[in-house]
Amino acid sequence: MPVSSLAPIPELFVSYESAQKLKLEAADLVSWDLTPRQICDLELLMNGGFNPLKGFLGEDDYNGVVENMRLADGTLWPMPITLDVGEAFAETLELGQDIALRDQEGVILATLTVTDRWEPNKSLEAEKVFGADDDAHPAVNYLHNQAGKIYLGGPVTGIQQPVHYDFRARRDTPNELRAYFRKMGWRKVVAFQTRNPLHRAHQELTFRAAKEVQANLLIHPVVGLTKPGDIDHFTRVRCYEAVLDQYPSSTTSMSLLNLAMRMAGPREAVWHGLIRKNHGVTHFIVGRDHAGPGKNSQGEDFYGPYEAQDLFRVHQEEMGIEMVDFKHMVYVQERAQYEPADEIEEGVTVLNISGTELRRRLSEGLEIPEWFSFPTVVEELRKTRPARAKQGFTVFFTGFSGSGKSTIANALMVKLMEMGGRPVTLLDGDIVRKNLSSELGFSKEHRDLNIRRIGYVASEITKNGGIAICAPIAPYATTRRAVREEVDQFGAFIEVHVATSIEECERRDRKGLYKLAREGKIKEFTGISDPYDVPLTPELSVETENVDVDNCAHQVILKLESMGLITA
Ligand code: PPS
């Protein structure tokens, strides 16, 4: 395996003078406001992290990548890096036209010459790239429910890097890392990719990996976009900094990578390897279930546990970066040290805490032993993830109009206020429509916007330790899921289906709306002339026929107690 030459790799930026000029000219161009994921992709395109790509993929390259992980010229590249946009925007463009790419504040980062515009077959992309057209996969969900319908492709001219105000000193472009390795004389470097906090087992395995291949070690965590629900990168970086002291400083370094992960398992591992190669790294640690997306909608793993290692092994020669197998490290009590699980004789006491068990201990405020993690790391985690009974959460009622959502939500609010301890906010359908969404009607687009607004407010309340109770109809499963993901990062999301049948709601007709809907005087009325996706896996489903409101609210209280969110 060759050691890295560490010569600079090509970037897509123009010179400082040209950039100033281009920036002025680009102000007159049609512009596209990049999504957070597109900003991450653009950063790595421009700084050479995605070398040899010269821009967002055109149609031929895209087809090659989707079909067989190769660009049209045969170069290995496993992940489609595409610029997805809405149909209306795409229609305004001519091929050959330059457009300005802006960040979310409107700063122009680059221009794109649009050479290709096409409507991709997203189901095919999902099958080929992510292994299944199943929305339980975060990237497939993104593809179908967030990404625009049309892809634009073409070369990018870089004007400036996206600005980061956090951990600036810890962020390096591929060429900055290459220069660092050159300066330090590091010719062999093994990189460790992670989206989780590091505990003692990780410290041990990374240190061993470096010793095994006699290389220096680069801790290279992802701080762009990771899996929904992951610990935020601010907390993680503080944890990494705490662990860094545990390594010999002359052999180990850390740098943050602003990558938007796709959780694509085997393909993702190869992609990660190519990105690290661009950063001047010679060896890459690939673990069990590398970049795994979790379970599919049948409750099974998307990929086999060693598929990522197998695919990497097939391509490593061509990639020019060597894989180091991740060793599963466990703690041997008798010897008070970590050892690879496959090297341990029978009869000794092996201790291990899984990720699930760690989350349980954190959420219940239980002790986390020192053999498992470093006290400074645990302290940081506890700050971000206080025990569940101290976290904010969202109760999200959904059901037909007149099902009893508001009444139960009101009763629940009062009960929670009686208990005290956390502020409670009720986002009832009618209140929201008056105060936040007064201009909206009941088309799918407007309902989605309404629910997303509720989700946004609920996630802010949850983040700040409060209780949000929402009670809209929320008829669409995908929108409810988007809200769940938004809230999940900060605290629990409890979906409660108020399962009153449409017949019963119509019989009650408390507001007289069903009558009007039947007469056609109200259009798009949920359950009558508009769809309602029944929740398949709500945390709780309550029946209201022959059950009084107090009892329904009490069922929610019991659920909250069983989840550790409130203490009796
Ligand atoms: S949604 O779909 O979640 O955005 O709806 P939501 O904000 O909860 O608003 C539902 C309330 O608006 C009244 N209303 C209608 N509901 C459904 N379909 C149509 N077309 C409609 N037009 C008006 C209705 O009173 C709902 O109130 P609730 O509290 O659910 O009975």
Side-chain angles (χ1 to χ4, degrees), residues 145-146 394-414 424-462 468-487 493-536 538-545 547-549 552-553 556:
N145 301 317
Q146 271 175 272
T394 292
V395 180
F396 192 96
F397 289 96
T398 167
F400 292 119
S401 169
S403 57
K405 301 183 300 290
S406 307
T407 324
I408 303 171
N410 268 293
L412 176 68
M413 175 173 74
V414 173
V424 189
T425 303
L426 176 60
L427 297 164
D428 193 17
D430 290 338
I431 305 173
V432 171
R433 285 214 169 245
K434 189 163 155 231
N435 295 306
L436 280 180
S437 296
S438 58
E439 85 287 19
L440 299 183
F442 289 88
S443 63
K444 176 168 192 312
E445 195 191 352
H446 278 195
R447 287 180 196 260
D448 280 353
L449 199 51
N450 181 41
I451 300 306
R452 282 178 181 276
R453 287 179 187 169
I454 294 175
Y456 172 70
V457 177
S459 74
E460 287 295 307
I461 292 170
T462 305
I469 304 176
C470 315
I473 296 179
Y476 297 106
T478 48
T479 328
R480 294 196 299 259
R481 174 174 167 159
V483 173
R484 178 186 288 276
E485 283 180 2
E486 195 161 2
V487 171
F493 181 82
I494 302 97
E495 184 174 303
V496 182
H497 180 209
V498 182
T500 318
S501 66
I502 190 73
E503 294 78 18
E504 174 66 11
C505 294
E506 188 167 4
R507 197 188 56 71
R508 292 181 191 165
D509 204 5
R510 289 177 55 193
K511 299 183 186 165
L513 297 175
Y514 282 92
K515 181 167 175 291
L516 296 176
R518 285 286 178 207
E519 291 166 5
K521 292 184 184 147
I522 305 180
K523 304 270 179 269
E524 303 174 311
F525 198 84
T526 307
I528 303 292
S529 45
D530 221 46
Y532 179 80
D533 302 338
V534 173
L536 298 178
E539 274 69 14
L540 182 68
S541 180
V542 290
E543 302 291 335
T544 65
E545 292 160 52
V547 186
D548 69 19
V549 174
C552 293
V556 182

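All values below come from the heavy atoms of this structure, side chains included, with hydrogens, waters and symmetry mates left out. Along the sequence shown, residues carry numbers from 1. Order of listing sets the numbers, starting from 1, for every ligand and every atom in it.
Geometrically, Arg480 engages Tyr532 in a cation-pi contact, judged by NZ or CZ lying under 6.0 Å from the ring centre and within 45° of the ring axis.
Contacts of Glu504 classified as side chain to side chain contact (heavy atoms under 4.5 Å, CB included), with partners at least two apart in sequence or in another chain: Thr500, Ser501, Arg507, Arg508, Glu545.
Taking a cutoff of 4.0 Å between a charged side-chain nitrogen and a carboxylate oxygen, Arg447 and Glu524 do not qualify as a salt bridge. Taking the charged nitrogens against the carboxylate oxygens, Lys444 and Asp448 do have a contact shorter than 4.0 Å, which makes a salt bridge.
Looking at heavy atoms from C-beta onward, Lys523 lies out of side-chain contact with Ser529 at the 4.5 angstrom threshold.
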Give every pair made of an N or O atom of ligand 1 and a protein N or O atom lying under 3.5 Å apart, one pair per line with both atom names and the distance to 0.1 Å, or write 'none'.
{"residue": "ligand 1", "atom": "2 (O)", "partner": "Arg447", "partner atom": "NH1", "Å": "2.7"}
{"residue": "ligand 1", "atom": "3 (O)", "partner": "Ile473", "partner atom": "N", "Å": "3.2"}
{"residue": "ligand 1", "atom": "3 (O)", "partner": "Ala474", "partner atom": "N", "Å": "2.8"}
{"residue": "ligand 1", "atom": "4 (O)", "partner": "Arg433", "partner atom": "NH2", "Å": "2.8"}
{"residue": "ligand 1", "atom": "4 (O)", "partner": "Asn450", "partner atom": "ND2", "Å": "2.9"}
{"residue": "ligand 1", "atom": "7 (O)", "partner": "Arg433", "partner atom": "NE", "Å": "2.7"}
{"residue": "ligand 1", "atom": "7 (O)", "partner": "Asn450", "partner atom": "ND2", "Å": "2.8"}
{"residue": "ligand 1", "atom": "8 (O)", "partner": "Ile473", "partner atom": "N", "Å": "2.8"}
{"residue": "ligand 1", "atom": "9 (O)", "partner": "Arg433", "partner atom": "NE", "Å": "3.3"}
{"residue": "ligand 1", "atom": "18 (N)", "partner": "Arg447", "partner atom": "NH2", "Å": "3.1"}
{"residue": "ligand 1", "atom": "18 (N)", "partner": "Glu524", "partner atom": "O", "Å": "3.4"}
{"residue": "ligand 1", "atom": "18 (N)", "partner": "Thr526", "partner atom": "N", "Å": "3.4"}
{"residue": "ligand 1", "atom": "20 (N)", "partner": "Lys523", "partner atom": "O", "Å": "3.2"}
{"residue": "ligand 1", "atom": "20 (N)", "partner": "Glu524", "partner atom": "O", "Å": "2.7"}
{"residue": "ligand 1", "atom": "25 (O)", "partner": "Lys511", "partner atom": "NZ", "Å": "3.1"}
{"residue": "ligand 1", "atom": "27 (O)", "partner": "Lys511", "partner atom": "NZ", "Å": "3.1"}
{"residue": "ligand 1", "atom": "29 (O)", "partner": "Lys511", "partner atom": "NZ", "Å": "3.2"}
{"residue": "ligand 1", "atom": "30 (O)", "partner": "Lys405", "partner atom": "NZ", "Å": "2.9"}
{"residue": "ligand 1", "atom": "31 (O)", "partner": "Ser401", "partner atom": "OG", "Å": "2.7"}
{"residue": "ligand 1", "atom": "31 (O)", "partner": "Gly402", "partner atom": "N", "Å": "3.3"}
{"residue": "ligand 1", "atom": "31 (O)", "partner": "Lys511", "partner atom": "NZ", "Å": "3.1"}

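Nearest heavy atoms, Leu426 versus Met413: CB-SD, 3.6 Å.
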